[in-house]
Structures are given as C-alpha cells and as structure tokens.
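Numbered from 1 within each chain, the chains take letters A, B, ... in sequence-line order. Predicted, not measured: the structure shown is a model, and the values here were computed from it.
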Amino acid sequence: MSENHNHDHHHHGHHHPSPESYWSARTKAVESLLIEKGLISSDAIESVVQFYEKDLGPMHGKKVVAKAWSDPDFKQKLLADSETVLKDLGYFGMQGEHVRVVENTEDVHNVVCCTLCSCYPWALLGLPPAWYKEPAYRSRIVKEPRSVLEEFGLVLPDKVEIRVWDSSAEIRYLVIPERPAGTEGMTEEELAELVTRDSMIGVVKVQPPARANV
Amino acid sequence: MSENHNHDHHHHGHHHPSPESYWSARTKAVESLLIEKGLISSDAIESVVQFYEKDLGPMHGKKVVAKAWSDPDFKQKLLADSETVLKDLGYFGMQGEHVRVVENTEDVHNVVCCTLCSCYPWALLGLPPAWYKEPAYRSRIVKEPRSVLEEFGLVLPDKVEIRVWDSSAEIRYLVIPERPAGTEGMTEEELAELVTRDSMIGVVKVQPPARANV
Amino acid sequence: MNGIHDVGGMDGFGKVVTGEDEVLFHEDWERRAFGLLNGALGQGFFNLDEMRHGIERMNPADYLTSGYYGHWTATLAKLLVEKGMIDESELDRRTQAYQKESNKEIPRRENPELVEHMKQVVKFGASTVREISAQPKFGIGSRVKTINHNPSGHTRLPRYARGKYGIINAVYDAHVFPDAHAHGKGESPEYLYSVRLTADELWGVNGQEAVYIDLWESYLIPVNE
Amino acid sequence: MNGIHDVGGMDGFGKVVTGEDEVLFHEDWERRAFGLLNGALGQGFFNLDEMRHGIERMNPADYLTSGYYGHWTATLAKLLVEKGMIDESELDRRTQAYQKESNKEIPRRENPELVEHMKQVVKFGASTVREISAQPKFGIGSRVKTINHNPSGHTRLPRYARGKYGIINAVYDAHVFPDAHAHGKGESPEYLYSVRLTADELWGVNGQEAVYIDLWESYLIPVNE
C-alpha cells in the first residue's frame, strides 16, 4: 500500500500525470537509489530508451505486410509459421519473441488487444500508442468490437466476422490488412509506405494510394 | 463526463474528500441552483438530515431482536412474514419498505451486504457505517466471507454454513444474531442493550453481558 | 452495465477498515448531499433506479476517489442536467465559484410544506411492490440458471452472478423492474426471487458458503433436471 | 486475482480517444521509468510475470489515475522493496525529497558492460517456450470449457473468459506458466492454446464476433460432445 499516501492525482482524459507528480518523484527516487547501490547505470537506462525512441527505425511490420502482399508464397509461409519466417528476416527481439500473423480478408477482420495489460509486438511495431494501453480500448474491444472499430472510422458489414485477439500470453499478434485497390504494379517499398501501424493492429484498413495522376 | 475536469483528488485510506474539494463545491453549486429555482428548500434538506442524525433514535432493530429472543411465537411469525410483523410494530419507512429477517444459529451464519451500491435497512438500523459502503467490504464479502468475518474477529467453525445476503433488490435484510449465554432471565430492554448494529448486519456475534456480579 | 460499481468478487481493495469514527457525515457538504438527494427523490425529480444508474455512469476513477456522498452529488447533478432542470454550464461555473470562494454563502429558502412532505416520504417510504396478474414462474426449490446478459444500461444482476446455476430460496412479490425503470421504460413489474448460489458454483471453491441474491424473473432461466 | 487491471468487458471508460500527439513519452520520468523497468527485468531482478502481478496489486484508484508508466514505477518500487533490494522507508523519504525539490539531481553512474548487456536483451528478448515431455492434451477443433477459478494470485485467464465453452484454434508450444512463475513457484511450463470464444458465449449476444485468447492447458477442461 505504499502508493496509498496523500498525494494528489490530477486525472485528465488520458491520465497523463502532471510534471512534478508523485509518480515523477517516485521514479526519480527509485532511479537514484538503484544508481547509488550500483544496481543500474544511467547509460544503460538511456540506451534502452534510445533504442525504442530512435534506433528501431521504421516499423518492420510494414515491410512484412508489403512482402506478404507482393509474394503469395511468402504470405503462405508467413501465415503457416510466422515465427520462423520473421526470425529468418531478422525481425524479432524483446516483445517479439513469439509472433503469429493473421490475415484480414473480405470475410474476416482481425483486431489485436491485450485486456489484462498492454501486450504488443514491440519488435515489429515499436511501442504501442496511448489508446492501446488505456482501459477504454482494452475493456470495450472484446465486448463491442464493431462499435469500437466504427469509432476508428471502420464500418464493417454485419456479415464480416470480427476476430479479436486478446494477447493474454507471450504470443504477439500482427494483422496483415487487406491490400487496397489501385496498388497493382507497386513495388514492395511503395506498398510498405501505405501500411499504417493502426492497420496492423487491425483498427483501420489500409487506404488506397492518393491518385495523383488522375 | 462533467466530472472529468482537472480537479484534484485527494484519496486517503477511506476516500474522504478534503474540505474544499471539488465534490464539496459541486454539492454547494447544486444546492444553490435548486434553491434559486425554487426546487428545494433549505429547511426540507435540514429536516431530512435531522431525522437520520437525531430523530430516528436508538435502533429499532435492537428491539426486534430482543423481542425475538424473548418470545418464540413472535420470532416464528417474524421469520415467516417479517414485513407484516415489522409494520405492525411501526418499524418501517424509507429503505425499510420490504424487510426479511434471517436468523443465525449454531449451524448457519447470515451476513448482509450490497455489492452493487450500499442498500441497507435504514428504517431498522439507521444509516450504514462507512465500511459497509466501501469497495473492500462489498467486493470481498461475497467471495471470501470467512476471511472477512475473521477480520471482524469472528472465527466460525468450517462446518458452519455462511449465507451472504446480497441486497440486489428492494428487500432489506436484518439478521437475528444468536442469543448469547448468560442472558437467561434478562428483560427485553436489557437484552436490547446487548445487541449491536454489527451483529444485526451479521459481521460479529452478540457478546455475553459483562459479569459484574461475579 | 458492467461498471466500476459492480465490485462483487473483485480483489485489490484491501482489508475492511473498521473502528473509525462513526459519525454519519464527515463533512458538512456530505450532510447537504444526503438531504438534497432525498429531497430530489422524494419530489419525484427522478427515481431510485435512475439515481443508481447515474452513479454507475461516473468515470471509474471518479467513482473510486469521490467517496459515498460524492457519488450522490455526481448522480444528482447528472440527472438534474439530463432532465433539463439545471443547466450544465451554469452548474460548472457555479462549482468553480464555490471552489474559488469556499466561504461563499448558499442562498436560503424555507418551505414548510416541503418539510412536511419529506417527513411523510421518510416515514412511509415508497414500496416497489406491484400487483400483477401473472403467476410466479418458479417455486421454492426450483433449479434455475441466471442469464448471461451484458446490457449497456442498468441491471441488478451483477457480473459475478451471471450464467450460474442456483436454487430458488424464496418467492417474493412482483417488484418494479430496475432494468426498465432506470431508462424511462415504465415499471414493468416482475416477480422477484431469492436465489441461492453456492461458493462452488460462483468461485470454483469448495466451502460451506453461499450467496443469496434477489433476482427478477427475467434474469432466470428454468433448468430441467 | 480479480484486479482492476482485468478490464475486459467493463463499461464506463468512455470512448477510445485517438488522434492525440503520438510521442512515446509525455514526461521525462516516463522515459526513465521505461528504461529502469527494462533494466531491472533485463538483469533478472524479477520476471515479467512478477512485474505484471505487481501492477495488478496496485490500489485500484492509483491504477486508474497513475497512467501506464505510473504502473511501471509502482511495480518496480514494490518488487524492489519485496526482494529486499531497496528499503521502503528510504524510498518513501527519497520520493518526498524529489516531490519537494523537483530540480534535485539524480546521481549518474556509467556502466558500458550493462549497456552492452541491455542491447542483447532488447535484441534477442527472452523466449518463454520450454521443451516438455508431455503431449498436448487438446488438438485443433477440440471443444473445451475454461475453468472458473478466482485465485488471489496472478492469472492470465481473465474474468470475462471464465466458465465458457470454446474451440481450440491453435496448439502452441509449451510456455512458462504465469500463475506459478509470478509467485516464485518455478516455470512449470504447459502447453498454450489459442481458444475461440464466440460473442454469444461470452456476452449473450448474437453477432459475427469472436475473441481468440491464449490459454494454458490447466485453464481448460475437455468437453465430451
């Protein structure tokens, strides 16, 4: 019950604590004690942060999707044994040790969540967006997925089956969205540019390319 | 979402808001608007409060229990048709319109709660104690009643069946605790003095009288 | 709704804390909230089921941090706004004014007739029993299963008691049905039952414990043995 | 435990709010919390299941108001205290000191070896797959029922998915079992399955929706058709 002191909570729409909040001070306190005891180092903290803020680079997930769209054999292998195929490509790491890829079609729409915490395929998509971690998404997506997707602007026909993947174990899920119309003849690199993070979580579709030539 | 502004929450062990909290100001705001619009009056507010703070007097529940202990016929009728018997005695009113009385014995121990809000037999016991209204009691008593009762100091043999009455509708429950040893020959008035509120909720037993004469 | 209010069976709230001071109200505003809410209920501004549902719709963090009478003020304010009796932005401005100026006076108004009316309300309460022509579907000892419903609105069938097998312990009168009454859909009275659900059925544990819960007829499905 | 973290199926948290700034960290302390927790996990001060259980044990009001990285700091602090690595009263005093003096410096320490170690941790992760001699009890298409357990400790079978009938969608490898691993009871690896639970079964609604959830073998009971 050590958190249960008389500290102020400012809670806004998203519960972002304000600058010198209890949690900010608490974090500094833990860091300073661990540093003093030689149990952590400042540069180790910074290198981990830097990896996710800067080094991870563009999402590997985009390339995987573009390759799956371009190469039917690859897609087949990827869906059959996601983990091996991704490891061969070098796409693995912390929170991406075990991955299963699922495919959206005309009939089936997949969407990923983690109701109990916020499990997410870091190695493929980086760190999750704020909404993915908030109770609103986590509580509702398993119970009323159709309404939640509508709030993301995705209205699916009633006949489309929605599959919600609750990441309750150490398997991480990646959605291959449907390849949009008007992308025939595009290269993998061009296709990868179309793919968004949210489409690989499964809350939106990939939009067709802007028709600059029309 | 009108509460969801940037107001401070001070939460302590019991979440008693501090003096000029948001909720204090909000209450004053509602009162002042209702007064201005002629929809409530100050004296009506005060008279309702006064009834529960001062006029309700000693708990009617105590007298009911003492009478049931003293008069087997009365007890039988009370258990068979609590509502009619209590109405005949004049023990009814707001949050006491419909009452069922249950009896603790050697084999069965009854305890009352309301998991969804804090329903309680006001007309018989007055307003509920703070702990009855808090999530700790409401959440745990239905799932681990034996442990909760132990925290109240009541250790029941495993063979005793515990019945937890979750007041989910408009029936209010009153427990007749076991009559303690050493009360033979006591009058109803004397017996009523032994009966505690908590024993009629069912979280403790009635203690035998202090043996001043020994 | 599966709201934060539906805490039955949750862990994590700690031990039950007793032995505190036992005053009915810790702050004067709690006293006013109690009187105000009862005054609003007693005049029929809204009903008890609407009042409960207003609490359930609080932001969960607010629910857990505002205290019991904070809930009362929250639902009172919400319902008065929804019923068009007070204006939300006026209420917000007024709230801010009282936050800034804690000694700011509350206007007074006397109304002996209303005092008398409230005395009757407190004295007689308001029964939820209604006569209906139908006969109860279940008798004492009947085996039933509770429905697994998850309405977005008000219900008095808590999550922990859904989809469970139980035995009818008592057949009560027909009572106003909260799932309808909280949503302006009339009283729709139904028979009410006391249902015994064992700890084994509820929590998967063996033990001499059972919950007795009051459930309306449409929460129950007959079970053929 | 049936903690506040187990939000699947709850109502009342409002709409999903998107379209905000998409920075990874809103405050510098969140950045430090992220690095610190990974540094603690990466050095084996505690495991991921203990980490999750530490969050679950937060006071529910704190859980809802501290934000995602507040959870991380909370569990980090709790576990370091429980493991005897830091002293609780020292931590509390230090916290107060930083609250009072927000510009107070955090001491620095460099350790290139630890930097290198953490790079490997991030690069390779830590698989939870283990070889076991047993064969999986269920095959794809098997009908199963999830158990109705309500442990006071850690579990990855959420409340909404308990006591429900489903179909095995995939048989995965054996994985470390969180219910044991979070409590110092070893890895106890068990086969993991993807289980399909329909919306009708979960929520009592008709609809073309299903949840696919990953469940360990001991969460599942065979169903004979």
Out of [options], return the one with the most heavy atom pairs under 4.5 angstrom to chain A.
| options | value |
| --- | --- |
| D:P158, D:A33, D:G42, D:G207 | D:P158 |
| D:V176, D:D28, D:L37, D:N169 | D:N169 |
| D:I55, D:I4, D:T95 | D:T95 |
| D:V129, D:T128, D:N111 | D:N111 |
| D:W216, D:Y160, D:W72 | D:Y160 |
| D:S127, D:A161, D:G39, D:P178 | D:S127 |

Could you check whether [X] pairs with [Y] (Lys NZ or Arg NE/NH1/NH2 to Asp/Glu carboxylate O, under 4.0 Å)?
| X | Y | answer |
| --- | --- | --- |
| A:R146 | A:E151 | no |
| D:R108 | D:E110 | yes |
| A:E103 | A:R179 | no |
| D:E50 | D:K83 | yes |
| A:E161 | D:R196 | yes |
| A:E83 | A:K87 | yes |
| D:D92 | A:R26 | yes |

At a 4.5 Å cut-off on heavy atoms, which part of [X] comes close to chain A: side chain, backbone, both, or neither?
| X | answer |
| --- | --- |
| D:Y63 | side chain |
| D:R31 | both |
| D:H5 | both |
| D:I86 | both |
| D:L192 | side chain |
| D:N38 | side chain |
| D:R93 | neither |
| D:L76 | side chain |
| D:K15 | both |
| D:D11 | side chain |

- Task: Kindly indicate, with the supporting measurements, whether the criterion salt bridge (Lys or Arg N to Asp or Glu O under 4.0 Å) is fulfilled by A:K67 and A:E189.
- Result: CA-CA 9 Å; A:K67 196 172 174 68; A:E189 288 69 29; over 6 Å; no
Aromatic ring proximity, centroids under 6.0 angstrom, [Y] and [X]:
| X | Y | value |
| --- | --- | --- |
| D:Y172 | D:Y193 | no |
| D:W29 | D:Y98 | no |
| D:F34 | A:W122 | yes |

- Message: Less than 4.5 Å to any heavy atom of chain D: does that hold for the side chain of A:Q50, its backbone, both, or neither?
- Response: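 Neither part; nothing is under 4.5 Å.
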- Examine whether an atom of A:V160 lies under 4.5 Å from a heavy atom of chain D, and if so say whether it belongs to the side chain, the backbone or both; otherwise answer neither.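 The answer is the backbone of A:V160.
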When [options] are compared by non-hydrogen pairs under 4.5 Å with chain D, the top option:
| options | answer |
| --- | --- |
| A:P145, A:A29, A:G90, A:S139 | A:S139 |
| A:F92, A:W131, A:F152 | A:W131 |
| A:V48, A:V148, A:L116 | A:L116 |
| A:C113, A:C117, A:G93, A:P128 | A:G93 |
| A:E36, A:R140, A:E53 | A:E53 |

- Check: A:D81 main-chain N/O paired with A:R100 side-chain donor or acceptor under 3.5 Å: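 Such a contact is absent between A:R100 side chain and A:D81 backbone.
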- Heavy atoms from other residues, nucleotides or ligands near NZ of A:K37 exceed 12 (cutoff 6.0 Å):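 Counting neighbours around NZ of A:K37, more than 12 heavy atoms of other residues, nucleotides or ligands fall under 6.0 Å, so yes.
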May I have the list of side-chain donor-acceptor pairs in residues 197-206 of chain D shorter than 3.5 Å, sequence neighbours left out?
from, atom 1, to, atom 2, distance (Å)
D:T198, OG1, D:E201, N, 3.1
D:E201, OE2, D:Y165, N, 2.8
D:W203, NE1, A:V142, O, 3.0

- Item | Proximity of residues 165-178 of chain A to chain D, residues having a non-hydrogen atom under 4.5 angstrom |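 Contacts with chain D: A:W165, A:D166, A:S167, A:S168, A:A169, A:E170, A:I171, A:R172, A:Y173.
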- Please step through side-chain hydrogen bond (donor to acceptor under 3.5 Å, both in side chains) for the pair D:T155 and D:Y219, ending with a clear verdict. CA-CA 10 Å; D:T155 184; D:Y219 295 161; 3.3 Å; yes
- Message: When you compare the side chains of D:H181 and D:S188, does any donor N or O come within less than 3.5 Å of an acceptor on the partner?
- Response: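 Result is no, nothing qualifies.
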- Any donor-acceptor N or O pair under 3.5 Å, side chains D:E190, D:H175: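 There is no such pair (donor and acceptor under 3.5 Å, judged by atom type) between the side chains of D:E190 and D:H175.
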